[in-house]
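See below for the structure under consideration.
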Amino acid sequence: MRISPLLVIALVCLAGGGSLLRVVEAIWLTIPWAGDKCIYEDIQANVVVIGDFLCIDRDTEVGLGPTVNIRVTSAYGKEVYKRTNVTQGRFAFTTSESGTYLACLSMYHDQTHYAVDNSTAIVSLDWKMGIRTKDWDDVAKKEKIEGVELELRKSSERIGEIKANIFYLRFREASMREINEKTNKRVAQLSFMSLGISVIVSLLQVWHLKRFFLKKKLI
């Protein structure tokens, strides 16, 4: 019996506690007074994305810090979330296209409300995707499942996400291979064209020199 490679990868992932799944903890960003600080994530289409951000006091690390602006754009530059003059918030959306999604943060221009030195801001950003966005406690209550049944449900979701990621990687690999093949073909055509032009120019030079020598009766 032939074992599917997808099944093998899924079982390895489950045995390792889902280590093959993309797990991103909250990251800390230092936002400069001038300019943006951006992070990006390569996400496939039809994936739920939830992000929580919080700007804290840089010195005491207690309470809220200066206010910031945040803007999230899709792979084709479409704006999916934008807020200005905020210290915390949450954005949520479902991706409509595959590609690189960009989240940019910058400090709000007016920080008169914040008495502490505001040359920079510290922001915590937690970017969740796929099954990490699900509230499993809520799912368990609604569907009245628990214990092994709940863990099997989680495992099933993980397997589905792994398969989707593998198919997405295969699609990207095929697209890149097609681009490489087209590029190689065009380079080969250009090389043959350059060689042909060089041969024609060389023949024209020989013909011109021969006519010149014959005209001067040198040969």
Practice task
For the residue pair Thr95 and Val49, establish whether any side-chain heavy-atom pair is separated by less than 4.5 Å.
Solution key: yes
Handout entry: Phe91 side, atom CZ; Ile50 side, atom CD1 - distance, nearest 0.5 Å
Key = 9.5 Å
Exercise for the section: Give the cluster check for Val201 versus Trp207: same hydrophobic cluster or not, with ILVMFWY residues linked at side-chain heavy-atom distances below 4.5 Å. Expected result: no
Handout entry: Worked check of side-chain contact (heavy atoms from CB on, under 4.5 Å) between Ile43 and Met129
Key = CA-CA 9 Å; Ile43 313 174; Met129 295 173 290; 3.5 Å; yes
Exercise for the section: Taking all non-hydrogen atoms of both residues into account, name the closest pair between Met107 and Pro32 and its distance. Expected result: CG-O, 3.5 Å
Practice task
Can you label the angle between the Tyr81 ring and the Phe53 ring as parallel, tilted or perpendicular, going by 30° and 60°?
Solution key: perpendicular
Problem - Side-chain heavy atoms of Cys55 within contact of Pro66, under 4.5 Å - result: yes
Practice task
Examine the side chains of Thr100 and Glu41 and answer whether a donor and an acceptor come within less than 3.5 Å of each other.
Solution key: no
Handout entry: Distance, nearest 0.5 Å, that separates CG of Asn69 from NE2 of His109
Key = 7.5 Å
Problem - Ring geometry between Tyr101 and Phe93 (parallel below 30°, tilted from 30 to 60°, perpendicular above 60°) - result: parallel
Handout entry: Lys37 NZ to Leu125 CG distance, which is reported to the nearest 0.5 Å
Key = 12.5 Å
Exercise for the section: Report the distance from atom SG of Cys38 to atom CZ of Arg71, rounding to the nearest 0.5 Å. Expected result: 9.5 Å
Exercise for the section: Taking only Lys NZ, Arg NE, NH1 and NH2, and the carboxylate oxygens of Asp or Glu, determine whether Glu181 and Lys185 approach each other closer than 4.0 Å. Expected result: no
Exercise for the section: Examine Val80 and Trp127 and state if one hydrophobic cluster contains both, with Ile, Leu, Val, Met, Phe, Trp and Tyr joined whenever side-chain heavy atoms are less than 4.5 Å apart. Expected result: yes
Practice task
Ignoring hydrogens and angles, tell me if any N or O in the side chain of Thr94 forms a donor-acceptor pair with the backbone of Asn46 under 3.5 Å.
Solution key: no
Handout entry: Side-chain donor/acceptor of Ser156 to backbone N/O of Leu152, under 3.5 Å
Key = no
Practice task
Give, for atom CE of Met193 and atom CG of Leu195, the distance between the pair rounded to the nearest 0.5 Å.
Solution key: 11.5 Å
Problem - Thr67 side chain to Asn85 side chain, donor-acceptor N/O pair below 3.5 angstrom - result: yes
Handout entry: same_hphob_cluster(Ile27, Val123) at 4.5 Å side-chain heavy-atom cutoff
Key = yes
Problem - Candidate pair Leu204 and His208, rule side-chain contact (heavy atoms from CB on, under 4.5 Å), full reasoning - result: CA-CA 6 Å; Leu204 288 174; His208 176 73; over 6 Å; no
Practice task
Could you pull out the closest heavy-atom pair between Ala121 and Val68, with the gap in Å?
Solution key: CB-CG1, 4.2 Å
Exercise for the section: Name all residues meeting the side-chain contact (heavy atoms from CB on, under 4.5 Å) criterion together with Tyr168; count only those two or more places apart in sequence or in a different chain, and write none if there are none. Expected result: Asp42, Gln44, Ser98, Arg172
Handout entry: Val187 and Phe192, any side-chain heavy atoms less than 4.5 Å apart
Key = no
Fill in the blank from the handout: Rounded to the nearest 0.5 angstrom, the CG-CD1 distance for Leu105 and Ile39 is 7.5 Å
